[in-house]
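Structure record follows, encoded as structure tokens.
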Amino acid sequence: RLLAADAAHFSRHGWVLRGSTRGELRYVTPALSAIERDAAAAAAAVSGLEVRLYRQLRDAVGDLTPSVRAAAAAVAALDVLAGWASVATARGYTRPLILEGPVPTVELRALRHPVVERCLPPGVQFVPNDVRLGGGSGGPPSWASDDAGGGGGGAAATGGDGDAPPNGAPAAAAATAAAAAAAAASDRHLLMLTAANGAGKSVYLYSLAAAVVLAQAGCWVPASSARLTVTPALFTRVGAVDDVSGGLSTFQVEMAETAAICARARGGALVLADEVGRGTAVADGMAVAFAVAEYLAAGGAGARCAPGGD
């Protein structure tokens with residue numbers, strides 16, 4: 001930028017006026033103009049070369065589209081399976097046994113939540129839980145025989161610590177009766193959880209949902225043993241939210257979700273309801289929760305139900 005008073009001097013040396021302001025003039029030399037033209041030409045050439053190479057690559061890949069897609073799918077599947085295998089090995093997961101049968105069944109022993117157990121402070125251990133829903137096997141849970149020597153459920157089925165049954169009844173009769181009782185217990189399709197706030201009811205439900213989804217996806221599950229049938233649908237009613245813009249209170253949103261579940265759950269679907277009946281009077285909330293539990297337990301929707309509440 002030069003002062004206007006010096007314009008005549010620089011014009012005599014071949015400088016070209018490029019622009020001006022109120023008190024200044026902008027000049028460019030012929031050499032700089034040539035460099036500018038060369039740079040613009042080079043940029044255009046580079047852009048043209050990029051477009052040409054991209055089109056060549058696109059055409060080459062287009063001819064190999066089936067192979068590229070197959071390779072990508074294989075790599076993606078390998079990545080998922082390798083990740084699952086690594087997690088299952090490092091965290092002590094077990095391979096689920098998928099049952100075939102008309103009666104929906106979920107039997108999970110020492111079930112853990114895959115996320116919560118990893119977020120606990122150092123030195124704090126996750127307390128596992130057992131889940132038994134349905135009765136696909138028509139008998140006691142699969143782990144009953146594992147506890148036969150430890151005074152647990154299996155011990156009761158075999159006559160306790162080995163003492164003779166009362167009245168001189170044969171041990172086989174006592175075992176049969178205990179097995180029948182265990183079978184009746186295993187046929188339950190409804191679990192109702194009651195405990196104080198923070199006792200772990202929601203974690204119990206979420207652990208069950210995660211195990212079912214992982215098992216049906218082909219992954220091992222965070223439990224010591226797992227036996228379950230295929231669940232055609234999983235419905236959840238958890239959390240407390242409202243829809244102010246839609247004019248819906250928390251209770252209305254909860255009831256709409258619950259009604260949709262009751263209407264759609266069919267054929268052995270798993271229903272997880274966390275604290276149904278909140279946001280209204282105690283008596284009304286208890287009536288709603290009781291009615292929903294009774295409807296699902298009676299097979300009104302052909303679904304299994306694991307509600308949680310206070």
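The line from CD1 of Ile98 to OG1 of Thr231 is 8.5 Å long, rounded to the nearest 0.5 Å. Rounding to the nearest 0.5 Å gives a distance of 12.5 Å between CG of Leu81 and OG of Ser86. Rounded to the nearest 0.5 angstrom, Glu275 CD and Glu254 CD are separated by 8.5 Å. Rounding to the nearest 0.5 Å places CG of Leu190 at 10.5 Å from CD of Glu294. Taking CZ of Arg118 as the reference point, atom CZ of Arg91 lies at 4.0 Å (rounded to 0.5 Å). The distance from the CG atom of Leu270 to the NE2 atom of His189 is 12.0 Å, given to the nearest 0.5 Å.
Val203 and Val238 fall into different hydrophobic clusters, where Ile, Leu, Val, Met, Phe, Trp and Tyr side chains are chained together by heavy-atom contacts under 4.5 Å. Following chains of ILVMFWY side-chain contacts shorter than 4.5 Å, one can reach Leu272 starting from Val230, so the two form part of one hydrophobic cluster. Both Phe235 and Val292 are members of a single hydrophobic cluster when ILVMFWY side chains are connected at heavy-atom separations under 4.5 Å. Hydrophobic cluster membership is shared by Leu133 and Tyr206, with clusters built from Ile, Leu, Val, Met, Phe, Trp and Tyr side chains linked at under 4.5 angstrom. The hydrophobic cluster containing Leu111 does not contain Val127, counting ILVMFWY residues as joined when their side-chain heavy atoms lie under 4.5 angstrom apart, directly or transitively.
In terms of heavy atoms, Ala273 sits closest to Leu205 at O-CD1, 3.7 Å. Minimum interatomic distance between Tyr93 and Pro114 (heavy atoms only, all atoms of both residues): OH-CB, 3.4 Å. Minimum heavy-atom separation, Asp274 to Ser202: OD2-OG, 2.6 Å. Of all heavy-atom pairs spanning Val276 and Ala289, the tightest one is O-CB, 3.5 Å. Across all their heavy atoms, Ala211 and Val221 have their closest contact at O-CG1, 3.5 Å. Counting all heavy atoms, side chain and backbone alike, Ala223 lies closest to Arg112 at N-NH1, 4.0 Å.
Put simply, the side chain of Val103 does not reach to within 4.5 Å of the side chain of Thr229, judged on heavy atoms. Residues Val116 and Ser207 have side chains not in contact (no heavy-atom distance under 4.5 Å, counting atoms from C-beta outward). No side-chain heavy atom of Tyr54 sits under 4.5 Å from any side-chain heavy atom of Glu50. With a 4.5 Å cut-off on side-chain heavy atoms, Thr280 and Val288 do not count as touching.
Lys201 places a side-chain N or O within 3.5 Å of a backbone atom of Ala196 that can act as its donor or acceptor partner. With hydrogens and angles ignored, the 3.5 Å screen pairs no side-chain donor or acceptor of Ser47 with any backbone N or O of Ala43. Distance alone, capped at 3.5 Å, is enough to place a donor-acceptor pair between the Tyr204 side chain and the Asp130 backbone.
For Arg95, the CZ atom sits in a loose shell: 12 or fewer heavy atoms of surrounding residues, nucleotides or ligands are nearer than 6.0 Å. Heavy-atom contacts from other residues, nucleotides or ligands closer than 6.0 Å to CD of Gln56 number more than 12.
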